[in-house]
Asker: 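Take a look at the following structure, please.
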Amino acid sequence: MMAVETEPRRSCRPPPGVRRVEDVPRGLFGGRLRIPDVKVRCRRQAEGEPPMFSRPRFGWNLRELSGALGDLGTFLPHIIGAITVVGMAPAGILTTFGLFYMLGGAFYGLPIAVQPMKAASAAVIIEPMDPHAIAGAGLVIGLFFLIVGATGLVERIARVIPPSVAAGLQLGLGLSLAALGIELLATQLWLGLGISALILVLLGSHRLPAALVALIVGVAAGQIFGLAPPFPDLELGLHLPPIVIPSWEQIVHGTQYAVLPQIPLTLTNAIIVTAALTRELFPKEIHPVNERNLSLTTGLGNLLAAPFGGYPMCHGAGGLSGHYRFGARTATAPLLIGLVFVALGLLLGDGGFALLQVVPDAVLGALLLFSGVDLAQSSKPQRFREADLFIVLLMAAIGVALNPAIAFAIGLPLAYAAQRGWLRP
């Protein structure tokens, strides 16, 4: 078998924003105090070769700041529902979200998102639940994903899932996010169309941070035309998260209504699809994003956050796509948005939540629309043919019409049937 030739080391040029490994400074005190870089392979290097380049774990530019705001369209609607309907303390939700964001970004070195769990949010609104039942749900979810991650079960599940199934889930999730964005955008149509046009222009310029400019313009327009609540009177103080210890009955209640429908969604969208999307967006970077680690950090994050009034949360492909679409490429974006949430929770409390509400729904919808379209495009359905393409499109349609868990249950056996030639177009 003929060996595949790779580009000679001396002619492999560093991609933008990276440097050769030997050029990385040693750091303070003999190199012992230095934030580790993220290793990067040359674009022509083979998978098994040692990386020639590295980039700083944190990049400081306006595009990172813009990318940090890319997932507000997913975050705010669910959190507003949890606080207003259930009466959860803003200090608990915002602080734990912020800490999870910061630690997750620092560990992975990428703009990994942290999102509210969607099925749990629906259960919170439909089924009467109190903060203690939600804390119980968070503890059970955290324990489950910690176990499946530590035992390696989640990796075995991921290995047996055909590419068409992962692509179908990703396409469906992207279309669902885009549809939700259009729904929010339509509530203030003229503002939504204007912000969308502004984002489209700014994304093409690569000079101004699209999400940041859109947020500033949208909030200003919302205040001028009365499309959002007025700016609240803010008072600085120390607002510690509450201690929430659920009873056994509350744990059972939270498990029944929030955990059982959430587990398959988190397993597919937040772990399997997020890992696949990360490999797609960062193919040459040596990072710890994989199904096992995503499961472990999801488990640990929920276990630690639940007793302090935290909301059930996970990583998400839609959030990663949103951060990436609006310019984030490093851990700076999750660090910045995490710092903002921690500051809003600890220093402003209820005032921090009121401040987030001044963002008009149309602005959130525009951000969500572009993130969803980008996520749908990154699934690349055009690479599939015949029966596999049918499965991708069918799963996407089911995911949009019903939910990704049902799409997964239907699409997986069909994909195996297609692999064995039992399914003909």
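Just so we're clear, the structure is a prediction, and the values are computed from it rather than from any experiment. Quick note: residue numbers are just sequence positions, from 1. Side-chain atoms are counted along with the backbone in the values below, which use heavy atoms only and exclude waters and symmetry mates.
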Asker: Can the ring centroids of F145 and H315 be said to lie less than 6.0 angstrom from one another?
Answerer: no
Asker: Could you tell me if R41 sits above the aromatic ring of F53, with its cationic atom closer than 6.0 Å to the ring centre and no more than 45 degrees from the axis?
Answerer: no
Asker: Kindly say whether G59 contributes a backbone atom to a donor-acceptor pair with the side chain of T330 at under 3.5 angstrom?
Answerer: yes
Asker: Taking all non-hydrogen atoms of both residues into account, name the closest pair between P312 and I141 and its distance.
Answerer: CB-CD1, 4.4 Å
Asker: Atom CG of L169 and atom CE of M395: how far apart are they, to the nearest 0.5 Å?
Answerer: 3.5 Å
Asker: Can you check whether T266 reaches F144 side chain to side chain, under 4.5 Å on heavy atoms?
Answerer: no
Asker: So how far is it from L110 CG to H287 NE2, rounded to the nearest 0.5 Å?
Answerer: 5.5 Å
Asker: Please check if any side-chain donor atom of T297 sits under 3.5 Å from a side-chain acceptor atom of Y108, or the reverse.
Answerer: yes
Asker: Is Q256 reaching over with its side chain to a backbone N or O of H253, donor-acceptor style, under 3.5 angstrom?
Answerer: no
Asker: Between P230 and V358, which heavy-atom pair has the shortest distance, and what is it?
Answerer: O-CG1, 3.9 Å
Asker: For I391 and S164, which heavy atoms make the closest approach, and how far apart are they?
Answerer: CG2-OG, 4.1 Å
Asker: How many angstroms lie between atom CG of L265 and atom CD1 of I406, to the nearest 0.5 angstrom?
Answerer: 9.0 Å
Asker: Any idea which heavy atoms bring G87 and P131 closest together, and the distance?
Answerer: O-CG, 4.2 Å
Asker: Is there side-chain contact between P116 and I79, with heavy atoms separated by less than 4.5 Å?
Answerer: yes
Asker: Can you check side chain to side chain contact (heavy atoms under 4.5 Å, CB included) on L367 and I199, steps first, answer last?
Answerer: CA-CA 8 Å; L367 294 173; I199 291 175; 4.1 Å; yes
Asker: Would you call W190 and L227 a side-chain contact if the rule is heavy atoms closer than 4.5 Å?
Answerer: yes
Asker: Nearest 0.5 Å, please: how far is CG in L369 from CG in L200?
Answerer: 10.0 Å
Asker: Kindly indicate whether the side chain of L346, heavy atoms from C-beta on, has any atom under 4.5 Å from the side chain of P241.
Answerer: yes
Asker: Tell me, do F353 and I80 make a side-chain contact under 4.5 Å, heavy atoms counted?
Answerer: yes
Asker: When you measure from the side chain of Q188 to the backbone of P360, do you find a donor-acceptor pair of N or O atoms at a distance under 3.5 Å?
Answerer: no
Asker: OG/S371 to CZ/R325 distance, rounded to the nearest 0.5 angstrom?
Answerer: 8.5 Å
Asker: Side chain to side chain contact (heavy atoms under 4.5 Å, CB included) between L193 and L185: does it pass, once the steps are laid out?
Answerer: CA-CA 7 Å; L193 292 176; L185 188 150; 4.2 Å; yes
Asker: Could you check if a side-chain atom of F107 sits within less than 4.5 angstrom of a side-chain atom of P288, using non-hydrogen atoms only?
Answerer: yes
Asker: Do L65 and P209 have side chains that get closer than 4.5 Å, going by heavy atoms?
Answerer: no
Asker: Whether the side chain of E285 engages the backbone of K39 through a donor-acceptor N/O pair (distance < 3.5 Å, no angle test) should be reported.
Answerer: no
Asker: Ignoring hydrogens and geometry, is there a side-chain-to-backbone donor-acceptor pair from T274 to N269 under 3.5 Å?
Answerer: yes
Asker: For the CH2 atom on W60, are there more than 12 heavy atoms of other groups (residues, nucleotides or ligands in this structure) within a distance under 6.0 Å?
Answerer: yes
Asker: Salt-bridged, E291 to R279, with N to O below 4.0 Å?
Answerer: yes
Asker: Tell me whether the count of non-hydrogen atoms from other residues, nucleotides or ligands lying under 6.0 Å of CD in E235 goes above 12.
Answerer: no
Asker: Tell me whether the rings of Y101 and F341 are parallel (<30°), tilted (30 to 60°) or perpendicular (>60°).
Answerer: tilted
Asker: Output the distance between atom CZ (R55) and atom NZ (K284), rounded to the nearest 0.5 Å.
Answerer: 15.5 Å
Asker: What are the two closest heavy atoms between S321 and L375, and how far apart are they?
Answerer: OG-N, 3.3 Å
Asker: F390 and F384: aromatic ring centres closer than 6.0 Å?
Answerer: no
Asker: Before giving the answer on side chain to side chain contact (heavy atoms under 4.5 Å, CB included), spell out for N302 and L139 the whole-Å C-alpha distance, their side-chain angles and the decisive distance to 0.1 Å.
Answerer: CA-CA 6 Å; N302 282 284; L139 290 173; over 6 Å; no
Asker: For A211, does its backbone N or O pair with a side-chain atom of S66 as donor and acceptor, under 3.5 Å?
Answerer: yes
Asker: For H239 and A91, indicate whether the former's side chain and the latter's backbone hold a donor-acceptor pair under 3.5 Å.
Answerer: no
Asker: Would you indicate whether F308, at its atom CZ, is surrounded by more than 12 heavy atoms from other residues, nucleotides or ligands within a distance under 6.0 Å?
Answerer: no
Asker: Of the non-hydrogen atoms in L191 and G218, which two are nearest, and what is the gap between them?
Answerer: CD2-O, 4.4 Å
Asker: Can you list the steps and then say if F231 with L355 is a side chain to side chain contact (heavy atoms under 4.5 Å, CB included)?
Answerer: CA-CA 6 Å; F231 276 93; L355 188 60; 3.8 Å; yes
Asker: Using modelled atom types only, decide if a donor and an acceptor are shared between the side chain of Y311 and the backbone of I134 within a distance under 3.5 Å.
Answerer: no
Asker: Answer whether the closest heavy-atom distance between the side chains of L277 and Y324 falls below 4.5 Å.
Answerer: no
Asker: Would you say Q223's side chain and P229's backbone share a donor-acceptor pair under 3.5 angstrom?
Answerer: yes
Asker: Between R57 and P36, is there a donor-acceptor pair closer than 3.5 Å when you use the side chain of the first and the backbone of the second?
Answerer: yes
Asker: Is a donor from one side chain sitting under 3.5 angstrom from an acceptor on the other, for Q115 and D71?
Answerer: yes
